[in-house]
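Okay, so here's the structure we're looking at.
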2 protein chains.
Amino acid sequence: MTNQHYGQFCGLARAAEIVGQRWTLLILRDLAVSPRRYSDLVAGLPGIPTNTLASRLKDLEEAGVVRRAVTAGERSLIYELTPRGEELRPALDALGLWGAGGMRSPRDGEVVTTASIIAALRVAAGSGTVPSSWNTAFTVHVADVEVHVLMRDGTIEVGEGPAAAADLVITAGPQIRDILAGELDAQTAIETGAVQLEGDASLFERFAESLRVPYSPHVPADA
Amino acid sequence: MTNQHYGQFCGLARAAEIVGQRWTLLILRDLAVSPRRYSDLVAGLPGIPTNTLASRLKDLEEAGVVRRAVTAGERSLIYELTPRGEELRPALDALGLWGAGGMRSPRDGEVVTTASIIAALRVAAGSGTVPSSWNTAFTVHVADVEVHVLMRDGTIEVGEGPAAAADLVITAGPQIRDILAGELDAQTAIETGAVQLEGDASLFERFAESLRVPYSPHVPADA
DNA sequence: CTGGATCCTCAACGATACTG
DNA sequence: CAGTATCGTTGAGGATCCAG
C-alpha cells in the first residue's frame with residue numbers, strides 16, 4: 001500500500017516501484033502461468049509470509065496489474081492478470097531468461113515449483129512453430145513437479161499435470177535447465193542418466209530441439 | 001552483500017535476487033547509458049543514500065554484472081557493465097517500456113534525469129534504421145536536461161550534452177513522453193506549445209516519426 | 001477449508017555525518 | 001572523489017489467530 005517512489009519521471013522507475021518489491025515478480029510469474037487462488041499462491045511460493053502476499057496483491061490490484069475475480073462455477077476467489085498485467089510478459093520473460101543464463105545447479109535448499117517449470121518451458125517453446133504434422137504428447141517430471149507438453153497443429157502447449165496419453169514420459173532433475181539451454185545435448189543427457197525416458201525414446205530429440213532457449217555466453221561463477 | 005534468496009531454482013527468482021533490490025534497476029539504467037563514476041551515480045539518482053549505493057555496487061560486482069575499472073586517462077574509478085550486465089539490456093528495455101506505458105504526467109516532485117531521457121530515446125530509436133541520406137543533428141532540452149540526437153549513416157545516436165551543430169533545437173516538457181508514445185502528434189505538439197523549436201522546424205516531423213515506441217493500450221489511472 | 005488480519009522481532013533501508 | 005559510520009525508521013519474516 002505504501003509503495004516507495006523513486007521520484008523520477010521514468011518508465012523504468014515506475015516499473016520498479018510496482019514490480020521491484022520483494023516477492024512481486026514471483027507472484028506475477030505464477031499468475032502469468034494461470035489465474036490462481038490465494039492458497040495456490042501460498043503453495044507455489046514457499047516461504048512467502050501471508051501478510052506480504054496479501055499486501056502485494058493489494059498493491060498490484062491498485063496498480064491495475066492484477067484483479068480479483070469470482071469464478072463462475074466455484075465459490076472461491078481467483079487472482080488474475082489484467083490486460084495491463086499481460087503486457088508485462090515480455091519483461092518477465094526477458095528477466096527470467098537472463099536469470100536462467102546465470103544458473104548452473106541448484107543452491108542448497110532450492111526447490112523447483114510447477115509455475116517455474118511451466119514458465120521456463122513456455123519461454124523455451126517461444127513463438128517457434130513445429131511441423132503441423134507433429135502430434136505428440138509429453139509428460140515431464142522434474143523433482144516432484146509434473147507437467148505436460150503437447151505439440152500439435154504446429155504449436156506447443158505447456159500445462160500443469162500429466163498428459164492424458166503421453167507418447168513419452170521424461171523424468172529429469174535440475175539438469176533439464178542445461179538441456180533447454182542447449183548446453184547438454186539430448187544424446188549425452190540420455191547416456192549419462194540425466195534423464196530417464198519411458199515410451200518412445202526417439203521423441204526425446206524432438207523435445208530437446210523444439211524447446212530451446214537462446215544460450216547466454218557470459219555465465220559467472222555460481223554458488 | 002546479504003542478498004535475499006527465494007529458494008527457487010528459477011531464472012526469474014535468480015534475476016529478482018540480483019535486480020530486485022531497491023535502487024538496483026535505476027543504477028543499472030544509468031550504467032547502461034554509459035560507464036559512470038560513483039559521484040555521477042549519486043548525482044543521477046536523486047535521493048539515493050550513499051551507503052545503499054555503495055552496497056548495491058558491491059552486490060552487483062559480486063554478481064558479475066558490474067565491474068570497477070580505472071580509466072586510462074583519468075585517475076578516477078568508473079563503474080561499468082560487464083558482458084553479463086550488458087545482457088540485461090533487453091530486460092531493462094522491456095521493463096522501461098512497460099513502465100512508460102503507465103505514465104501520463106509527472107507526479108509531484110518527480111524529476112527528469114539525463115540518463116532516463118537518454119535511455120528512453122534510445123529505446124524509442126530502437127534498432128530501427130533511418131534513410132542513410134539523412135544527416136541531421138538535434139539538441140533536445142527536457143526540463144534542465146540537455147541531450148543530442150544524431151541521425152546519419154542510417155543510424156540514430158543519442159548522447160549527453162548538446163549537438164555540436166544542431167539543425168534543430170527542441171525544447172519540451174514531460175509531454176515529450178506522449179510524443180514518443182505516439183499519443184501526441186508532431187503538429188499538435190507544436191500548435192499547443194508543448195514543444196518549442198529553434199532552427200529548421202520542418203525537421204521535427206522527422207524526429208517524432210523516427211523516435212517512436214510501441215503504444216501500450218492498457219493504461220490505468222495514473223496519480 | 002479459504003482468505004486473510006494481527007502481533008512481534010529483526011534485518012534492511014534511509015538520512016545525515018564524517019573520513020581516507 | 002569515494003566511500004564508511006552511526007543511528008532512527010520501515011518493511012520483511014514468522015507464528016498465530018480470526019471470519020466466512
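A, B, ... follow the sequence lines: proteins, then strands. Residue 1 opens every chain.
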Report yes if the side chains of [X] and [Y] come closer than 4.5 Å at any heavy-atom pair, otherwise no.
X	Y	result
B:R177	B:P106	no
B:R36	B:E80	no
A:N135	A:D167	no

* Asked: Taking only residues two or more places apart in sequence or in another chain, which ones pass side-chain hydrogen bond (donor to acceptor under 3.5 Å, both in side chains) with A:H141?
  ->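 Scan of A:H141 (side-chain hydrogen bond (donor to acceptor under 3.5 Å, both in side chains), adjacent residues dropped) gives A:E146.
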
* Which residues share a ring pair (Phe, Tyr, Trp, His ring centres under 6.0 Å) with A:Y6, sequence neighbours left out ->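 For A:Y6, the residues satisfying ring pair (Phe, Tyr, Trp, His ring centres under 6.0 Å) (neighbours in sequence not counted) are B:W23.
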
* Asked: D:dT4 phosphate, OP1 or OP2: any side-chain N/O from B:K58 under 4.0 angstrom?
  ->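 Indeed, a polar side-chain atom of B:K58 lies that close.
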
* Would you please confirm or rule out a distance under 4.0 Å between OP1 or OP2 of D:dG3 and any side-chain N or O of B:Y79? =>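 Looking at the OP1 and OP2 atoms of D:dG3, one of them is under 4.0 Å from a side-chain N or O of B:Y79.
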
Let me know the distance between [atom1] of [X] and [atom2] of [N], rounded to the nearest Å.
X	N	atom1	atom2	value
A:Y6	C:dC13	OH	C1'	11 Å
B:R36	D:dA2	CZ	P	13 Å
B:R37	D:dC1	CZ	C1'	8 Å
A:L53	D:dG13	CG	P	12 Å
B:L57	D:dT4	CG	P	10 Å
A:L45	D:dG13	CG	P	12 Å
A:Y38	D:dG20	OH	C1'	15 Å
B:L77	D:dC1	CG	C1'	9 Å

* To do: Applying salt bridge (charged side-chain N to carboxylate O under 4.0 Å, His left out), name anything that partners B:E61, two or more places apart in sequence or on another chain.
  =>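 Per chain and number, B:E61 pairs via salt bridge (charged side-chain N to carboxylate O under 4.0 Å, His left out) with no residue.
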
* Aromatic B:W98 / basic A:R89 pairing, under 6.0 angstrom, 45° off normal ->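 Output no; distance or angle outside limits.
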
* To do: For the helix from C:dC1-D:dG20 to C:dG20-D:dC1, figure out the bend between the end axes, five pairs an end, and round to 10 degrees.
  =>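 Between the axes fitted at each end of the helix from C:dC1-D:dG20 to C:dG20-D:dC1 lies an angle of 40°.
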
Show every donor-acceptor pair shorter than 3.5 Å between a side-chain atom in residues 114-121 of chain B and any protein atom, with sequence neighbours excluded, or say none if there are none.
from	atom 1	to	atom 2	distance (Å)
B:S116	OG	B:T113	N	3.3
B:S116	OG	B:T113	O	2.9
B:S116	OG	B:T113	OG1	3.4

* Asked: If we ignore angles and hydrogens, is there a donor and acceptor under 3.5 Å between the side chains of A:Q8 and B:R29?
  ->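 Result is yes, a qualifying pair exists.
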
* Would you mind building the protein contact string for nucleotides 14-20 of chain C? One character per nucleotide, 5' to 3', B for base within reach (heavy atoms under 4.0 Å), S for sugar-phosphate only, - for untouched. => BBBB---

